[in-house]
Amino acid sequence: MKNIFYILVLIVAVCTSCKEYLDVKPKGQTIPETAEEFSAMLQYHLDRIDNEDMGDYEIMGDSENVLYYEFFSDNLDASLTFYPDGARSPVYIGSKINTFQDKYEDLYKVIGDCNIIIDNLEEKNTELGKKVLATAYALRGVCYYNLLRLFCEPYDKSKEQEMLGLSVVERFDVEARPVRNNMKESVDFIEKTLKDAITFHQTDQTFRFTEDVAKAYLARLYFWTQQWDKAIAVSEEILEKYPLQEGTAYLDMMQARYDQKGNTILKSYVYGPRGDWSYGLSLSESKVRPVSEELVNLFVEKGNDVRYELSFDKKRLNTKRICSCVRSDEMCLIIAESYAHKADAANALKYLNLLRSKRITGHVPYTESTLPAVDADALIKVDATGKPLTPLISAILNERRKEFYMEADRWFELKRNGRPEFWVAANGSKYETLKYFYTAPLPKEDIDFGTGVIQNEGYTE
Amino acid sequence: MKKIGYLLVSSFLIALCGCGDVDEVPPRTNNLTTNYLVPKPKLLTAEEREAINERIARYNEAIQ
């Protein structure tokens with residue numbers, strides 16, 4: 001009996017002591033120790049960008065995510081949806097608004113992993129350690145940028161100290177429930193994180209978020225937050241390194257299914273397995289809804305514009321590869337619009353015409369007097385600063401709409417430029433995209449937790 | 001008496017082991033129960049229905 005008792009004591013001692021053997025900070029997980037282990041932590045998220053079977057819903061967005069943003073926007077005409085195939089596609093943003101709560105949590109999970117790496121990686125001076133750290137900073141910056149665009153209202157410089165920003169979490173703490181910082185604090189943090197990534201000058205493409213990618217996102221951040229001079233400076237640097245493609249080189253780049261070609265800086269599905277099943281489903285789904293007549297009518301040059309036949313067929317059904325990517329063409333239009341907002345029409349036209357010259361055969365450069373008039377029936381009525389559209393800004397926005405069709409850009413352009421309300425029809429009913437839908441709801445759980453996190457306007461029950 | 005004592009102490013020690021893995025973090029609730037309501041769609045008015053029909057007609061004409 002005594003022996004049995006002593007054995008039991010030994011078992012209990014072992015069981016209770018083992019709890020403290022493993023260094024457990026994140027609940028149920030262990031902290032890596034070597035650079036290889038931290039790299040493996042990162043690779044899980046990087047693999048999701050490249051592997052459509054794993055699903056990337058929040059970092060770059062897989063093909064379904066990209067397609068759904070096109071469905072939410074006015075690029076594809078919901079009122080012309082073909083049924084019954086179109087029945088499973090979202091009619092409008094309201095059909096999927098609550099799914100953004102999951103996206104919010106997923107983004108913070110990635111941020112959490114990046115914070116663990118930044119806080120705990122000790123091998124800061126080895127080659128691998130530097131790559132891992134650089135990627136963690138860049139990925140964190142990208143995730144926060146995505147959060148900013150999804151869950152905060154469009155930037156208003158006059159209210160940047162009052163506007164609700166993000167819950168900025170810089171260190172991993174599973175117990176933390178931070179409240180929302182203001183917009184300026186959030187933007188400053190994202191800028192700092194991306195700049196931290198850039199200081200490493202990381203160029204290894206297998207880590208995806210290289211120095212150039214971090215710079216591209218920095219340019220996007222400056223553009224979104226109307227810091228025109230900074231947007232121009234960074235974008236010009238990228239554009240010089242990644243000159244625009246034209247003709248067959250452009251088509252080759254845009255139609256490449258897996259290869260990152262031409263002036264593409266970052267693209268999904270590059271390093272993953274070659275398989276088309278879920279991408280193929282998205283491509284089929286893109287054809288349940290014709291391209292809107294308003295977008296088609298922007299192609300004034302029709303077949304002389306290389307994007308015309310690249311984008312849709314004679315039945316106005318999508319033919320373009322669904323692309324989740326970052327390319328320097330965007331930087332060109334960022335520069336054009338930034339100069340336009342600075343009232344520098346000459347430079348704005350220079351960059352607008354540069355892009356058009358690469359796309360349109362027999363291109364005739366716009367001048368201030370030959371710019372098309374603003375379309376009074378267009379959905380966007382005001383620019384990013386709230387002023388009525390000028391012919392120059394209107395031309396730049398239209399060019400951007402043609403260039404980035406089927407690349408999840410239009411929805412955010414609508415958000416950035418006034419959040420216009422519009423409606424679509426389905427099954428005899430009218431579905432309205434209301435202003436508050438452009439800013440997604442934070443998870444209701446976080447609000448109900450009672451720590452003071454403020455929900456976005458419009459989501460009350 | 002001694003045997004009962006050993007048994008009681010042993011049971012107490014085993015119970016200590018069993019309580020060691022209480023999850024301090026409450027389980028996540030299902031998001032399906034935390035959806036926000038969106039306004040219900042409205043029926044199209046006659047004017048809106050006409051506008052949609054014209055849109056469909058323009059599309060059918062354009063693709064011929």
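Atom set for the values below is all heavy atoms of this structure, side chains included, hydrogens, waters and symmetry mates excluded. Chain naming here is simple, since letters A, B, ... match the order of the sequence lines and numbering starts at 1 in each.
Side-chain atoms of A:Thr439 and A:Lys415, non-hydrogen and from C-beta on, do get closer than 4.5 Å to each other. Looking only at side-chain heavy atoms (C-beta outward), A:Tyr459 and A:Tyr436 come within less than 4.5 Å of each other. Contact of the A:Pro441 side chain with the A:Asn456 side chain is not registered, since no non-hydrogen atoms from C-beta on lie closer than 4.5 Å. Within the 4.5 Å cutoff, no side-chain heavy atoms of A:Gln455 are placed close to those of A:Thr460.
Heavy atoms closer than 4.5 Å to chain B are found in the backbone of A:Lys314, but not in its side chain. Contact annotation for A:Asn427: neither backbone nor side-chain heavy atoms come within less than 4.5 Å of a heavy atom of chain B. The contact between B:Leu43 and chain A is made by backbone and side chain atoms together, counting heavy-atom distances below 4.5 Å.
Residue with the most contacts toward chain A among B:Arg49, B:Arg58, B:Lys40: B:Arg58 (heavy-atom pairs, distance under 4.5 Å).
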